[in-house]
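FYI, side chains are in, hydrogens and waters are out, and symmetry mates aren't considered; it's all heavy atoms of this structure.
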Amino acid sequence: MTIVVTGATGHLGRLAIESLLAKGVPATDIVGIGRQVEKIADLGVTVKKASYEDPESLRAAFEGADKVLFISASEPGQRISQHTNVVEAAKAARVGQIVYTSAPKADTTDMKLAGEHAVTEKLIKDSGLPYVILRNGWYVENYPVDQAVEQGLVGASGDGRISLAPRADYAEAAAAVLVTDGHEGRTYELGGEALTKAELAAEISRQTGKPVTYTDLDVDKYIELLVGVGLPRAAAEVFADVDRATAEGALFVPRDDLEKLLGRPATPVADAVKAAV
């Protein structure tokens, strides 16, 4: 069985390949594709250079694939065209199954960041390809410990709880789907331990022994803060909208699906923070 991992040169893609190898998938059965292929040359898998902007490179990379782990693109505003290229290439190559990393509650949330994921999910379902949707929750790594110690946490999420897990947990869950049967047509809402940003700040403070606090702003003030530190206004509005939606429960999901796929409890946030200290 040939498994292709897109975005393999990014953090999640590399971890997914490492999880597949740890689960006993032969390196010869794994194809990692991306733009900076030298980053995964050490993993021993087949490496192919391909870009979401280059449909022909994608079609060539997907040739003969039984399963494709489709890791979503990292550029908001560009995803729909890029993801359309991926889905069309997968159709042309007649891949056996496509496993897509989406966003929490993509089909029901009003969070702006999830809109492109909702469109992509529909593209995949309309393609006729067998599929699995993995709606990955937020990564603990989204909140770097060193940055939190230096600047504190700031946002507009109020008491909204965020279901957090390290990237490695999501990568392991994806690998589990790729190497086992019974997932076709399923959509999994994935998330770990749920904390507010204030609780996360307190945990980082506990682990580092340094005072870390969370400052909660209203959405407009948060936008202005983000613009003030150099973020384009359009991007600032999207990120502030994430916090607005978080305050309304958009990033809280039960842990059941993640722990079912992992076959173990999700990594506690305290352990993930400690590992980053």
Asp146/Lys210 ion pair, N-O < 4.0 Å: no
Backbone N or O of Ser72 within a donor-acceptor pair of the His83 side chain at under 3.5 Å? no
To the nearest 0.5 angstrom, please state how far the NE2 atom of His11 sits from the CD1 atom of Ile71. 11.5 Å
So, taking the atom named NZ in Lys23 and the one named CD in Glu172, what distance separates them when rounded to the nearest 0.5 Å? 5.0 Å
Heavy-atom count around Lys221 NZ within 6.0 Å, excluding the residue itself: above 12? no
So does Pro55 get a backbone contact from the side chain of Asn85, meaning a donor-acceptor N/O pair under 3.5 Å? no
So, Thr84 side chain and Ile80 main chain: donor-acceptor pair closer than 3.5 Å or not? yes
Output yes when a side-chain donor or acceptor of Asp66 lies under 3.5 Å from a complementary backbone atom of Gly96, and no otherwise. no
May I ask whether Val132 and Leu258 are part of the same hydrophobic cluster, defined by side-chain heavy atoms of I, L, V, M, F, W, Y residues being less than 4.5 angstrom apart, directly or through others? yes
Salt bridge or not for Glu63 and Lys48, using N-O below 4.0 Å? no
Output for pair (Leu153 CG, Gln151 CD), nearest 0.5 Å, gives 9.5 Å
Hey, mind stepping through Lys260 and Asp257 against salt bridge (Lys or Arg N to Asp or Glu O under 4.0 Å) and telling me if it holds? CA-CA 5 Å; Lys260 176 183 176 182; Asp257 281 357; over 6 Å; no
So CZ of Arg35 and CG of Asp54: to nearest 0.5 Å the spacing works out to 11.0 Å
Out of curiosity, Met1 CE to Ile30 CD1, how far, rounded to the nearest 0.5 Å? 9.0 Å
Flag the pair Glu199 / Val269 as yes when at least one side-chain heavy-atom distance between them is below 4.5 Å, and no otherwise. no
With a 4.0 Å cut-off, would you call Arg135 and Glu121 a salt bridge? yes
Using a strict cut-off of less than 4.0 Å between a Lys/Arg side-chain nitrogen and an Asp/Glu carboxylate oxygen, indicate whether Arg206 and Glu203 qualify as a salt bridge. yes
Does any part of the side chain of Tyr170, heavy atoms only, come nearer than 4.5 Å to the side chain of Leu134, both counted from C-beta? no
Asp159 atom CG, over 12 foreign heavy atoms within 6.0 Å: no
Can the ring centroids of Tyr131 and Tyr100 be said to lie less than 6.0 angstrom from one another? no
Taking Glu116 for its side chain and Gly77 for its backbone only, find out whether a donor-acceptor pair lies under 3.5 Å. yes
Side-chain donor/acceptor of Gln207 to backbone N/O of Val277, under 3.5 Å: no
Looking only at heavy atoms, which two atoms of Ala250 and Pro104 are closest? And how far apart? O-CB, 3.9 Å
Nearest 0.5 Å please: distance from the CG atom of Leu261 over to the OG1 atom of Thr180. 7.5 Å
Do side-chain atoms of Arg161 reach the backbone of Ala194 as a donor and acceptor pair under 3.5 angstrom? yes
Would you say the side chain of Glu259 lies within less than 4.5 Å of the side chain of Asp169, judging by non-hydrogen atoms? no
So, do Leu58 and Val86 sit near enough that their side-chain heavy atoms are less than 4.5 Å apart? yes
Same apolar cluster (I L V M F W Y, side chains within < 4.5 Å links), Val227/Leu217: no
Under a 3.5 Å distance rule, please check whether Ser57 uses its side chain to pair with a backbone N or O of Ser51 as donor and acceptor. yes
Would you find a donor on one side and an acceptor on the other, under 3.5 Å apart, between the side chain of Ser127 and the backbone of Ile124? yes
Contact between Tyr214 and Leu200 at the side-chain level, heavy atoms closer than 4.5 Å - yes or no? no
I want to check something: taking the side chain as every heavy atom from C-beta on, are Gln97 and Glu184 in contact at a cut-off of under 4.5 Å? yes
Under 4.5 Å between side-chain heavy atoms, counting indirect links through other Ile/Leu/Val/Met/Phe/Trp/Tyr residues: same cluster for Leu43 and Leu178 or not? yes
Is it the case that atom OH in Tyr139 sees more than 12 heavy atoms from other parts of the structure closer than 6.0 Å? yes
Is there a donor-acceptor contact under 3.5 Å from the side chain of Lys197 to the main chain of Asp216? no
Pick one: which of Val31, Thr6, Thr2 meets side-chain contact (heavy atoms from CB on, under 4.5 Å) with Phe62? Thr6
Val242 vs Leu251 side-chain heavy atoms within contact, under 4.5 Å: yes
Taking atom types as modelled, is there a side-chain donor on Thr101 or Asn136 under 3.5 Å from an acceptor on the other? no
Does Asp271 pair with Lys274 as a salt bridge, N-O distance under 4.0 Å? no
Does a side-chain heavy-atom distance below 4.5 Å link Asp29 with Ile3? no
